[in-house]
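Computed from a prediction, not measured in an experiment: that's the story for all the values here. Letters A, B, ... are given to chains in the order of the sequence lines, protein chains preceding strands, and every chain is numbered from 1.
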Number of protein chains: 2
Amino acid sequence: MVTRDGRRVTITDVASHAQVSTTAVSKVLRNAYGVSEAMRVKVQAAIDELGYRPHAAARAMRGRTFTIGVLLPHIRNPFFADIVEALAEQISGAGYQAIIVQGGGTDPKAERRAIDALVDRQVDGMLAVAPVITRKELEEIGRGTPTVVLGRHDRSPVYDSVLDDDEVGAELVVEHLIGLGHRRIAHITQNDNVPARPAALLQTVRARSYERVMAEHGLAGHIALAVTSYSEEGGYEGTRELLAREPRPTAIFAGADQAAFGVLAAVNEAGLAVPGDISVAGYDNSRLTAMAHVSLTSVDQDGAAMGQTAGRLLLERVQGRTSAVRFSVTPTLVARRSTAPPPAG
Amino acid sequence: MVTRDGRRVTITDVASHAQVSTTAVSKVLRNAYGVSEAMRVKVQAAIDELGYRPHAAARAMRGRTFTIGVLLPHIRNPFFADIVEALAEQISGAGYQAIIVQGGGTDPKAERRAIDALVDRQVDGMLAVAPVITRKELEEIGRGTPTVVLGRHDRSPVYDSVLDDDEVGAELVVEHLIGLGHRRIAHITQNDNVPARPAALLQTVRARSYERVMAEHGLAGHIALAVTSYSEEGGYEGTRELLAREPRPTAIFAGADQAAFGVLAAVNEAGLAVPGDISVAGYDNSRLTAMAHVSLTSVDQDGAAMGQTAGRLLLERVQGRTSAVRFSVTPTLVARRSTAPPPAG
DNA sequence: GTGAAAGCGCTAACAG
DNA sequence: CTGTTAGCGCTTTCAC
């Protein structure tokens, strides 16, 4: 990949080595129309011999970069790994590479900077996971760069959407707990003060769905929300708050597994047993739920299907599709040992 | 950031808008030497007014990309998040952006592709976290792109190294367990069949250190290794294997927290208590260790310091430093409730 | 089917 | 201190 004089091998080196024009090499590289088999073989041989790889930045000046940018709020949630892995797998076949940038968690300014960084690097497409900026901003970006938004509930004619049916997911959990006999079911949610409309955020959908199902079962009076965050600390703090109420809940539904782990810690610390005294459920079905000391009831939302679909949609966009599509996965409940009937009395 | 006709705003637009040359704009952008204050103000006004952002790919053709590439084996380990966050924080002040690519975990081919992707995108510097390719390959890459390697124990005059003193870390754990009275202490390690020399890998260093300390205390006969992987599944499988031995260990030291969580699950499933029947210790001091149902004894290796240092070293390299440096953090033991004296008898 | 040449947006000499 | 100009490596007309 370097010439005798230490320079990087360029398309010109390949061309002169194969005794053809740079145009011909370029065409072979891109499988473009109009190259004879003989030419293809000759050029490919030169490419292999010199170990040539196209210079992505130079490509970016004219055509594609063969790069898909992924915006993640952070890389702490293993659930994101499922999404990214499936995406990478899906696009690699077409010669695409995924690059990841971290947005600022819940800070819209930092998120915007991260997205701009991708746009400035001329990614051919972008997957934005649970972004918090406004729909208007996303559309502005989507007009310039093919975009898939994952995990938001607002609709747009500009970008594609991939999401989990959080309404159903939350419903599954609450119905499950009610079915076990629980009435005092609490919920831990996340409240960000972000530009995006609350109804567009998955945490809002989960919380509203929780409230709705409670009300439908005549349990509106037992609605108890702890508004912290989808993190271990958030789950821990929220639980301490909920346990201090009188009477305390017999079940806690955390909006995310990470928060549920914090719930387990707080419940345990309070000298209470799971599920003997308190049932606990999470959301995401991350690997640790199965592994946890007390295996955790959770909602599976098939991150692999979401990531794979996002990849496919982006490739389609690069291919030229301009209409927006919306893909929703239906979650399923995975009941484990952390939920059981409430204690008698 | 787009002109009336939908084109992206370029340096030429800014120049004509401010009635100056593109050179002047370029100099202002880069804080280069030789611009009057008046010029700076005028150009900056035009930049702000037009919402101009430099085109990273175009920059890459001539000078810097202001991009640092980070290679991660995968994004499942939250410990990596500490490193990346600290790195991003450190370099953002200098106007740098971090982009992350996933190597193939333990697959050297995929890892090499991921690294090449960064090089092809002209990153100004690269942080390779726990790479598994050979030192020779790393040096080849390091000659072309400023490189910091994190978590490897081999030395190189070409790239910088940032690492945890895994020898000390493992020693702390084993001494701690021996101090509590344990003799049958088992260790769960990871064995990859990778191009890198085993001695260069942190898991080997931890395992060798475990064996050494055991031997030093006359416990060579009690050395028990389960060779699986640093993952929940690896910890789980390794533990089932260890518990089947006769007599079974009274303590299990997992080489990574993720594996330790699998240990907890397997121990629990076997109807044994932690730490009543079996003490468990991990490595990494990830946040969940404090939160876990049974809070986990672990080794803290200050990922933030490592990430921050990696960022600083990379900026120094970009600035022109060519000599290689090596930075090692000294780990500390964080004893929690998962370790206690062995059961009597 | 093939190649010559223009040009993407920027930076780095170099002149003025 | 400021501007003119060449050219980075590639893709894309457009001749041949």
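Residues from residues 50-58 of chain A placing a heavy atom under 4.0 Å of any atom in DNA chain D, listed by number, are A:Tyr52, A:Pro54, A:His55, A:Ala58. Within residues 113-124 of chain B, no residue has a heavy atom under 4.0 Å from DNA chain D.
Spacing between atom CD of A:Glu37 and atom P of C:dT2 amounts to 11 Å, rounded to whole angstrom units. Atom CE in B:Met61 sits about 11 Å away from atom C1' in D:dT11, given to the nearest Å. To the nearest angstrom, P of C:dA4 lies 13 Å from CD1 of A:Ile11. The interatomic distance linking A:Arg30 (CZ) with C:dT2 (P) rounds to 15 Å, in whole Å.
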Output side-chain donor-acceptor pairs under 3.5 Å for residues 139-149 of chain B, partner residues at least two apart or in another chain, one line each.
residue	atom	partner	partner atom	Å
B:Glu139	OE2	B:Arg135	NH1	3.1
B:Glu139	OE2	B:Ser156	OG	2.6
B:Thr147	OG1	B:Thr145	O	2.6

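Taking the charged nitrogens against the carboxylate oxygens, B:Asp154 and B:Lys136 have no contact shorter than 4.0 Å, which rules out a salt bridge. Ion pairing between a basic and an acidic side chain is recognised when a charged N comes within 4.0 Å of a carboxylate O; A:Asp107 and A:Lys109 show no such pairing. Salt bridge present: A:Arg53 and B:Asp116 bring a charged side-chain N and a carboxylate O closer than 4.0 Å.
At D:dT2, one or more side-chain N or O atoms of B:Ser36 fall inside 4.0 Å of OP1 or OP2 (strictly under the cut-off). The side chain of A:Ser26 places an N or O atom within less than 4.0 Å of a non-bridging phosphate oxygen (OP1 or OP2) of D:dT11. In this structure, A:Arg62 does not reach the C:dG7 phosphate: none of its side-chain N or O atoms is under 4.0 Å from OP1 or OP2.
In this model, a donor atom of one side chain and an acceptor atom of the other lie less than 3.5 Å apart for A:Thr67 and B:Arg121.
A search for salt bridge (Lys or Arg N to Asp or Glu O under 4.0 Å) contacts involving B:Arg76 returns A:Asp82, A:Glu85, not counting sequence neighbours.
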Collect all protein-nucleotide pairs involving nucleotides 3-5 of chain D in which both atoms are nitrogen or oxygen and the distance is under 3.5 Å.
residue	atom	partner	partner atom	Å
D:dG3	OP2	B:Ser21	N	3.1
D:dG3	OP2	B:Ser21	OG	3.3
D:dT4	O4	B:Thr23	OG1	2.6

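The bend of the helix from C:dG1-D:dC16 to C:dG16-D:dC1, defined by the angle between the axes of its first five and last five pairs, stands at 40° to the nearest 10°.
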